[in-house]
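Here the structure comes first, spelled out in structure tokens, and everything after it is commentary.
Atom set for the values below is all heavy atoms of this structure, side chains included, hydrogens, waters and symmetry mates excluded. Note that the numbering runs from 1 along the sequence shown for the chain.
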Amino acid sequence: MKQKPENGIKQFVPKKAATVLSIFIFIVAVGASAFRNDATVKQITFSTINRDSVESVQAFEIVYKTLMSPRCMNCHPAGDVPLQGDDSHLHAMGPKRGLDGKGVYAMKCSNCHQETNIAGLHMPPGNPEWHLPPAAMKMVFQGKSAHELAKQLVDKKQNGNKDIKKLIEHADDGLVLAGWDPGEGRTLPPVTHAEFKKAWITWLQSGAYAPKK
């Protein structure tokens, strides 16, 4: 006796659907596996990219000689009196750091350091935010070896809680830029700001390695 067509269709359709579903699941599984592998590779690559101790240390040589120049170091003294001049002597007026780095009592940095440079040879340079680092986080450059300074610069407990991104942004801070506009009669840092920024970013992005002690 011949099977009715409708029964054949009923039996065939589930089998066909199951086959199609199996193929679909296989394709999805393969695609998902490939995606996971690709994602893993990218993650590993990202975590190790640019970690080059030689390149990092070489870049820091430029950073270090810039930060140790009078235009940078004078506002990062070991004591609480800012330094002054190309020979980095103690500030003639004897101002003190103060809690916020802006001076104490009537002797405030802004009394002499205006928003812009005052015209004339060796006149006070200016900036709206002129100050030393605050007492709670002095960020001393004076007397630091390259190894010590490199370690300090990336230590959040000593750099104002700055991560790598914020440190990179700091290269364009107003007071940092003021080092390349110090007023008449003062020596500029040993490299241009563009050269310093390039070395600064290279040092940080290639691992922020500290030179050996």
Side-chain angles (χ1 to χ4, degrees), residues 39-80 82-88 97 100-101 109 117 125 127-183 186-213:
T40 302
V41 171
K42 287 182 179 179
Q43 185 177 5
I44 293 173
T45 302
F46 179 78
S47 66
T48 59
I49 192 169
N50 288 335
R51 294 195 68 83
D52 185 328
S53 60
V54 174
E55 181 182 32
S56 188
V57 169
Q58 288 177 342
F60 191 74
E61 291 176 3
I62 298 173
V63 171
Y64 182 69
K65 71 179 182 179
T66 302
L67 298 186
M68 297 304 286
S69 73
R71 300 291 74 79
C72 297
M73 191 180 70
N74 284 358
C75 287
H76 291 268
D80 288 326
L83 306 177
Q84 189 179 43
D86 286 350
D87 60 352
S88 296
R97 184 186 304 272
D100 59 0
C109 301
N117 294 343
N127 185 277
E129 295 297 325
W130 196 275
H131 67 280
L132 295 180
M137 198 165 295
K138 295 183 178 182
M139 277 302 295
V140 174
F141 292 179
Q142 185 184 16
K144 298 286 185 179
S145 68
H147 177 85
E148 291 170 332
L149 189 54
K151 289 291 188 182
Q152 176 180 282
L153 289 169
V154 293
D155 183 354
K156 288 186 177 183
K157 294 180 180 179
Q158 300 185 71
N159 72 6
N161 198 37
K162 293 181 177 66
D163 58 15
I164 298 298
K165 181 176 181 295
K166 289 180 180 178
L167 285 172
I168 289 174
E169 292 172 351
H170 191 67
D172 291 317
D173 177 80
L175 278 179
V176 174
L177 291 170
W180 282 267
D181 183 26
R186 296 182 180 88
T187 303
L188 293 174
V191 298
T192 66
H193 178 260
E195 290 169 329
F196 165 75
K197 183 176 178 179
K198 180 180 179 182
W200 176 251
I201 293 173
T202 299
W203 172 61
L204 291 168
Q205 291 187 337
S206 58
Y209 286 92
K212 292 182 179 180
K213 293 182 181 181

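Considering only heavy atoms from C-beta on, Y64 stays 4.5 Å or farther from P211 through its side chain. A heavy-atom distance below 4.5 Å is found between the side chains of P125 and R186. At least one side-chain heavy atom of Q142 sits less than 4.5 Å from a side-chain heavy atom of L83. Within the 4.5 Å cutoff, side-chain heavy atoms of E195 are placed close to those of T192.
For S206 and D52, the side-chain atoms include no donor-acceptor pair closer than 3.5 Å.
To the nearest 0.5 Å, atom SG of residue C75 and atom CG of residue N127 are 10.0 Å apart. A distance of 5.5 Å separates CZ in F141 from CG in L149, rounded to the nearest 0.5 Å. Atom CG of L167 sits about 5.5 Å away from atom CG of L204, to the nearest 0.5 Å. The distance from the CD1 atom of I201 to the CD atom of E169 is 10.5 Å, given to the nearest 0.5 Å. Between atom CG of residue D181 and atom CG of residue L177 there is a gap of 9.5 Å, rounded to the nearest 0.5 Å. Distance NZ/K212 to OG/S53: 9.0 Å, rounded to 0.5 Å.
Of all non-hydrogen atoms in A208 and S56, the two that sit nearest each other are N-OG, 3.3 Å. Between P77 and L132 the shortest heavy-atom distance is CD-CD2, 4.1 Å. Nearest heavy atoms, H147 versus A210: ND1-CB, 3.8 Å.
H131 contributes a side-chain N or O that, together with a main-chain N or O of E129, makes up a donor-acceptor pair within less than 3.5 Å. Side-chain atoms of H76 come within 3.5 Å of backbone N or O of M139 as a donor-acceptor pair. Not a single donor-acceptor pair under 3.5 Å links the side chain of R71 to the backbone N or O of T66. In terms of modelled atom types and a separation under 3.5 Å, the side chain of Q158 and the main chain of Q152 share no donor-acceptor contact. A donor-acceptor contact shorter than 3.5 Å is absent between the side chain of D80 and the backbone of R97. Between the side chain of N74 and the backbone N or O of P70, at least one donor-acceptor pair lies under 3.5 Å. In this structure, W200 contributes its side chain and A59 its backbone to no donor-acceptor pair below 3.5 Å. Formation of a donor-acceptor pair under 3.5 Å by the K162 side chain with backbone atoms of N159 is found in this model.
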Apply side chain to side chain contact (heavy atoms under 4.5 Å, CB included) to the pair M73 and L67, showing each step before the final yes or no.
-> CA-CA 6 Å; M73 191 180 70; L67 298 186; over 6 Å; no
Determine, stepwise, if the pair D172 / K197 fulfils salt bridge (charged side-chain N to carboxylate O under 4.0 Å, His left out).
-> CA-CA 8 Å; D172 291 317; K197 183 176 178 179; 2.7 Å; yes
Check the pair L175, W130 against side chain to side chain contact (heavy atoms under 4.5 Å, CB included), reporting the backbone distance first and the verdict last.
-> CA-CA 7 Å; L175 278 179; W130 196 275; 4.1 Å; yes
D173 vs H170, side chain to side chain contact (heavy atoms under 4.5 Å, CB included): CA-CA, chis, key distance, verdict = CA-CA 5 Å; D173 177 80; H170 191 67; 3.7 Å; yes
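Between K65 and E61 no salt bridge is recorded (no basic side-chain N to carboxylate O distance below 4.0 Å).
The aromatic rings of F60 and W203 sit tilted, their planes meeting at an angle between 30° and 60°.
The neighbour count for K198 NZ, taken as heavy atoms of other residues, nucleotides or ligands under 6.0 Å away, does not exceed 12.
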